[in-house]
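The residues of the chain are indexed from 1 along the displayed sequence. Hydrogens, waters and symmetry mates are skipped; everything else that's a heavy atom, side chains included, is used.
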Amino acid sequence: MLEKLKEEVLIANKRLVDSGLVVLTWGNASAFDPESKLLVIKPSGVSYDKMKASDMVVVDLNNEVVEGSLRPSSDTPTHVEIYKAFADAGVLGVVHTHSTEATAWAQAGRSIPWYGTTHADQCHEDVICTRPLTEEEVDQDYEGNTGRVIVDAYKGINPLEKPVVLVAGHAPFTWGKNANAAVDNAIALEEFAKMARLTEQIAASKPAQKLPDYVGEKHYQRKHGKNAYYGQN
């Protein structure tokens, strides 16, 4: 079942390690099949160097395992909530990491300002940092409510225009049109999180200025807008 998607998810998870975004088992990638309404995700706590495509777990939107002998990632309910809300907008891959730079911003409870064109090339305006979960939300359904807090933060926002988010006190989630694109966005987020930190350190004696909207819009639209001209046709 969904053998091609299992291979895609395995490759995405291994890319996270190869990119230095994941150590130990601190991360996961998944992909969603819009026809069957099923997602494929890595198993919980399994070493990345030992994982095989056959280890991937197929789960439905009720968080029920449809196929697989291993338990799915403990973050599966968060992925489920993201797909339930965003799949119709084209989100078919989700990644979660605890990458150092992005996680530091999440732990500080801060959004990442739109400081430069590198950021604007990948994400429209500031990277959102969600509100913290309440004690009740953590006790009742921690992983599911993590997804709901993300979705709540995106009301009125196209998720593919801002495919990276920070969960306050936790870490980043990213997504894209497939699992590979979600990994690309996780890599990009880590880089402009680092650039933003360095910008603020360098500008410590003089507050850093956010990127003028007209520059940011130009960079975002030339790559993602209806008249985009970045790359090849």
Side-chain angles (χ1 to χ4, degrees), residues 8-32 39-51 55-57 59 71-83 86 91-112 118-119 121-123 126-130 132-133 142-147 149-151 153-154 159-160 162-198:
E8 178 184 322
V9 171
L10 175 66
I11 291 169
N13 277 285
K14 289 184 176 292
R15 276 192 71 204
L16 292 176
V17 177
D18 293 342
S19 300
L21 300 183
V22 166
V23 297
L24 301 178
T25 57
W26 299 352
N28 41 72
S30 71
F32 184 72
L39 65 103
V40 175
I41 196 165
K42 72 175 282 289
S44 179
V46 175
S47 175
Y48 287 82
D49 60 353
K50 295 180 180 178
M51 278 195 307
D55 294 327
M56 301 301 109
V57 186
V59 180
R71 286 189 301 177
S73 166
S74 58
D75 292 304
T76 298
T78 307
H79 290 241
V80 165
E81 293 300 322
I82 292 171
Y83 288 127
F86 297 162
V91 172
L92 301 180
V94 174
V95 159
H96 173 49
T97 76
H98 287 255
S99 60
T100 304
E101 298 284 344
T103 299
W105 285 86
Q107 291 179 170
R110 285 192 56 189
S111 297
I112 302 175
T118 310
H119 180 149
D121 279 341
Q122 205 74 15
C123 173
D126 295 0
V127 176
I128 292 172
C129 185
T130 70
L133 274 72
Y142 174 53
E143 290 84 5
N145 282 326
T146 297
V149 164
I150 291 170
V151 172
Y154 273 72
L160 288 178
K162 202 185 291 278
V164 296
V165 71
L166 306 175
V167 177
H170 186 177
F173 283 82
T174 66
W175 48 77
K177 294 181 178 180
N178 52 51
N180 188 58
V183 175
D184 286 346
N185 287 326
I187 293 169
L189 172 61
E190 184 67 0
E191 287 303 307
F192 54 74
K194 181 178 180 180
M195 291 175 186
R197 173 179 63 81
L198 291 170

Rounded at 0.5 Å granularity, tell me how far [atom1] in [X] sits from [atom2] in [Y].
X      : Y      : atom1 : atom2 : result
Asn28  : Ser44  : CG    : OG    : 9.0 Å
Trp26  : Leu21  : CH2   : CG    : 13.5 Å
Ile112 : Leu166 : CD1   : CG    : 5.0 Å
Met56  : Leu10  : CE    : CG    : 5.0 Å
Tyr154 : Ile128 : OH    : CD1   : 4.5 Å
Asn13  : Lys42  : CG    : NZ    : 6.0 Å

Donor-acceptor check, side chain of [X] to backbone of [Y], threshold 3.5 angstrom: yes or no?
X     : Y      : result
Thr25 : Ser47  : no
His96 : Pro172 : yes
Glu81 : Val151 : no
Lys14 : Tyr48  : yes

Query - Nearest atoms (heavy-atom pairs only) where Met51 meets Val46 - result: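 Distance-wise, the nearest heavy atoms are CG-CG1, 3.6 Å.
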Requested in this report: Provide the closest heavy-atom pair for Val167 versus Phe173 in the form atom of the first, atom of the second, distance.
Outcome: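 So the minimum-distance heavy-atom pair works out to CG2-CD1, 3.8 Å.
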Please report, to 0.1 Å, the donor-acceptor pairs under 3.5 Å made by any side chain of residues 181-196, with sequence neighbours excluded.
from, atom 1, to, atom 2, distance (Å)
Asp184, OD1, Arg15, NH1, 3.1
Asp184, OD1, Arg15, NH2, 2.8
Asn185, OD1, Gln122, NE2, 2.7
Asn185, ND2, Trp175, O, 2.7
Asn185, ND2, Ala181, O, 3.3
Glu190, OE1, Ser99, OG, 2.7
Glu190, OE1, Glu101, N, 3.4
Glu190, OE1, Ala102, N, 3.0
Glu190, OE2, Thr100, N, 3.3
Glu190, OE2, Glu101, N, 2.8

Requested in this report: Would you mind reporting whether Asn180 and Ile11 have side-chain heavy atoms less than 4.5 Å apart?
Outcome: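 Ile11 vs Asn180: side chains apart.
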Query raised in the report: Any side-chain heavy-atom pair from Lys177 and Leu92 closer than 4.5 angstrom?
Result: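 No, their side chains stay 4.5 Å or more apart.
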Report task. Return the set of residues passing side-chain hydrogen bond (donor to acceptor under 3.5 Å, both in side chains) with Thr174 (not counting sequence neighbours), or none when no residue passes. Result ->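 Partners of Thr174 by the side-chain hydrogen bond (donor to acceptor under 3.5 Å, both in side chains) criterion come out as none, since no residue qualifies.
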Query raised in the report: Can you name the residues that form a side-chain hydrogen bond (donor to acceptor under 3.5 Å, both in side chains) with Asp18, not counting sequence neighbours?
Result: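 side-chain hydrogen bond (donor to acceptor under 3.5 Å, both in side chains) check on Asp18 returns nothing, list empty.
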